[in-house]
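First up is the structure itself, then whatever we jot down about it.
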Amino acid sequence: MIVVTLQAMQTAPAATGGDTVRHDWTVEEVEALFALPFNDLLFQAQTVHRAHFDPNRIQISSLLSIKTGACPEDCTYCAQSAHHNTDLEREKLLAVEEVIAAAAKAKADGASRFCMGAAWRGPHGDDFKVALTMIEGVKALGLETCASFGVLSREQARQLKESGLDYYNHNIDTSPEHYKEIVTTRTFEDRLETLEHVHDAGLHVCSGGIVGLGESQTDRASMLVTLANLPHQPDSVPINLLIPIPGTPLADKAVERPDPFDFIRVIAVARLMMPKSYVRLSAGREGMSPEMQALCFFAGANSVFCGYKLLTAKNAAPGQDRGLFDRLGLSPM
């Protein structure tokens with residue numbers, strides 16, 4: 001059965017190069033994709049990528065933590081969790097003026113989308129009202145807007161849409177099967193419910209996961225199946241490489257860092273399964289070589305975060321990015 005599935009997958013570019021987007025992937029089919037020879041997988045991914053995107057254009061986003069630390073969730077990878085001793089300095093919600101200034105700088109550095117993240121279980125009270133004002137201000141600069149505020153109710157999603165928000169980020173992190181090993185304070189179903197609220201409000205969905213959480217290849221396949229089989233595939237799919245932050249449980253466990261080629265395979269398979277989505281090379285890029293990033297772009301990644309910091313973690317500097325993009329002939333969208 002695996003051989004039959006593999007043969008079918010080898011003809012995938014011809015079948016997915018048009019407007020067809022599948023929502024009926026199986027884990028077995030995706031594992032067969034992972035098992036393809038590396039060159040064959042990347043060739044197929046690049047073929048599908050070219051059918052839907054200009055292969056030499058890249059979308060650039062910037063991410064700012066507008067409220068840092070003291071998060072009530074216990075995500076085992078996160079420095080901002082109140083459950084972990086990471087020596088992270090807790091900060092209250094930034095002033096609207098600070099956020100607008102940061103967004104203006106991000107635009108000057110080449111970003112077309114400005115993302116705001118807050119260490120909340122979900123938005124609430126006056127802080128949410130202030131965040132809505134931030135979104136309005138960033139939108140007025142001519143930038144696309146994105147927010148990551150945790151779980152949302154339908155009403156909150158509607159308010160975000162009315163404020164001018166374009167994208168809402170809510171990652172599923174990992175497979176449904178592995179999820180309980182990573183987070184216990186929020187269920188996998190909670191995450192899917194928020195994604196439903198986001199889509200129903202007319203917002204673009206940004207949802208992906210993390211590679212390097214101690215998951216198996218089957219977990220990676222299951223995570224991608226969950227995303228691809230949503231009624232509406234995410235418009236943006238961030239693929240993160242775990243940054244092991246001292247004081248977090250995953251760093252303390254010394255989880256083995258994924259092989260670079262295995263990570264690139266995740267990018268390629270995500271591109272094959274979600275041909276019309278932007279696939280974003282996200283956290284962990286600061287530790288990737290230029291060659292590894294170039295292979296990720298060839299595999300179908302066409303979005304990155306710019307700026308020195310992603311929430312609380314290091315990121316590639318804007319000057320380094322511009323130099324790499326020039327070397328590869330990539331232009332910002």
Supply the atom-to-atom distance Glu177 CD to Ser175 OG, rounded to the nearest 0.5 angstrom.
4.5 Å
Side chains of Leu64 and Leu94 in contact at under 4.5 Å (non-hydrogen atoms)
yes
Between the main-chain N or O of Val183 and the side-chain N or O of Asp74, is there a donor-acceptor pair closer than 3.5 Å?
no
Nearest heavy-atom pair of Lys161 and Gly202: which atoms, and what distance?
NZ-O, 3.2 Å
Once you round to the nearest 0.5 Å, how far does CH2 of Trp25 lie from CG of Leu272?
6.5 Å
From CG (Leu227) to NE2 (His23), nearest 0.5 Å:
12.5 Å
Can we say Asp127 and Lys92 salt-bridge, meaning some charged N sits less than 4.0 Å from an Asp/Glu carboxylate O?
no
Distance-only, no hydrogens or angles: does the Ser222 side chain make a donor-acceptor pair with backbone N or O of Thr218 under 3.5 Å?
no
Are any of the side-chain heavy atoms of Phe263 and Leu281 separated by less than 4.5 Å?
yes
Strictly distance-based, threshold 3.5 Å: is any side-chain N or O of Ser148 a donor or acceptor partner for the main-chain N or O of Cys115?
no
State, with a plain yes or no, whether a side-chain heavy atom of Glu181 is found less than 4.5 Å away from one of Thr76.
no
Can you confirm whether Gln46 sits close enough to Pro55 that some side-chain heavy atom of one is under 4.5 Å from a side-chain heavy atom of the other?
yes
Any side-chain donor paired with an acceptor under 3.5 Å for Glu144 and Ser112?
no
Of all the heavy-atom pairs spanning Phe297 and Leu324, show the shortest one and how long it is.
CE1-CD2, 4.3 Å
Is NZ or CZ of Arg113 both nearer than 6.0 Å to the six-membered ring centre of Tyr167 and within 45° of the ring axis?
yes
Would a 4.5 Å heavy-atom cut-off, applied to side chains only, mark Glu286 and Ile243 as touching?
no
Shortest non-hydrogen pair, Ala111 vs Leu143, comes out as O-CD2, 3.3 Å
Is there a donor-acceptor pair closer than 3.5 Å between any side-chain N or O of Arg271 and the backbone N or O of Pro275?
yes
Audit row: Ile264, Leu41, side-chain contact (heavy atoms from CB on, under 4.5 Å) steps and yes/no
CA-CA 10 Å; Ile264 296 164; Leu41 177 60; over 6 Å; no
If only atom types and distance count, is the side chain of Arg285 paired as donor or acceptor with the main-chain N or O of Phe305 below 3.5 Å?
yes
Sequence-distant partners of Pro260, side chain to side chain contact (heavy atoms under 4.5 Å, CB included), two or more places apart:
Met292
Looking only at heavy atoms, the pair that brings Ala228 and Met273 closest together is CB-CE, 3.8 Å
Which heavy atom of Lys276 sits nearest a heavy atom of Phe53, and at what distance?
O-CZ, 3.4 Å
When rounded to the nearest 0.5 Å, the distance separating OG1 of Thr174 from CG of Leu242 is 11.0 Å
Could you tell me if Arg265 sits above the aromatic ring of Phe38, with its cationic atom closer than 6.0 Å to the ring centre and no more than 45 degrees from the axis?
no
In the structure I gave you, are the side-chain heavy atoms of Tyr278 and Met333 within less than 4.5 Å of one another anywhere?
yes
Look up atom NZ in Lys107 and atom CD1 in Ile60, then write down how far apart they are to the nearest 0.5 Å.
14.0 Å
NZ/NE/NH1/NH2 to OD/OE distance under 4.0 Å, Glu155 and Arg158:
yes
Using the rule that Ile, Leu, Val, Met, Phe, Trp and Tyr join whenever any side-chain heavy atoms are under 4.5 Å apart, tell me whether Val151 and Trp120 fall into a single cluster.
no
Backbone N or O of Gly208 within a donor-acceptor pair of the Asn171 side chain at under 3.5 Å?
yes
Any Tyr77 side-chain heavy atom under 4.5 Å of Ile245 side chain
no
Passing candidate, salt bridge (charged side-chain N to carboxylate O under 4.0 Å, His left out) with Asp173, options Lys180, Arg191, Arg186
Arg191
Could you please spell out the steps behind the side-chain contact (heavy atoms from CB on, under 4.5 Å) verdict for Arg57 and Asn302?
CA-CA 7 Å; Arg57 301 290 300 277; Asn302 61 341; over 6 Å; no
Under 3.5 Å, is there a donor-acceptor pair between the side chain of Asp109 and the main chain of Ala106?
no
Once you measure the plane-to-plane angle for Phe149 and Tyr168, does it fall in the parallel (<30°), tilted (30-60°) or perpendicular (>60°) bin?
perpendicular
Has the side chain of Thr133 got a donor or acceptor atom that lies under 3.5 Å from a matching backbone atom of Lys129?
yes
Nearest heavy-atom neighbours spanning Leu165 and Leu203
O-CD2, 3.1 Å
Check step by step if side-chain contact (heavy atoms from CB on, under 4.5 Å) holds for Val211 and Asn240.
CA-CA 6 Å; Val211 179; Asn240 301 273; over 6 Å; no
Can you tell me if Thr145 uses its side chain to pair, donor with acceptor, with the backbone of Ile135 under 3.5 Å?
no
Might you work through the side-chain contact (heavy atoms from CB on, under 4.5 Å) test for His170 and His197, ending with a clear yes or no?
CA-CA 11 Å; His170 199 63; His197 295 336; over 6 Å; no
Is a side-chain N or O of Gln233 found less than 3.5 angstrom from the main chain of Leu230, in a donor-acceptor match?
no
Does Arg220 reach the side chain of Val269, with side-chain heavy atoms less than 4.5 Å apart?
no
How far does NE2 of His232 sit from CG of Leu195, to the nearest 0.5 angstrom?
12.0 Å
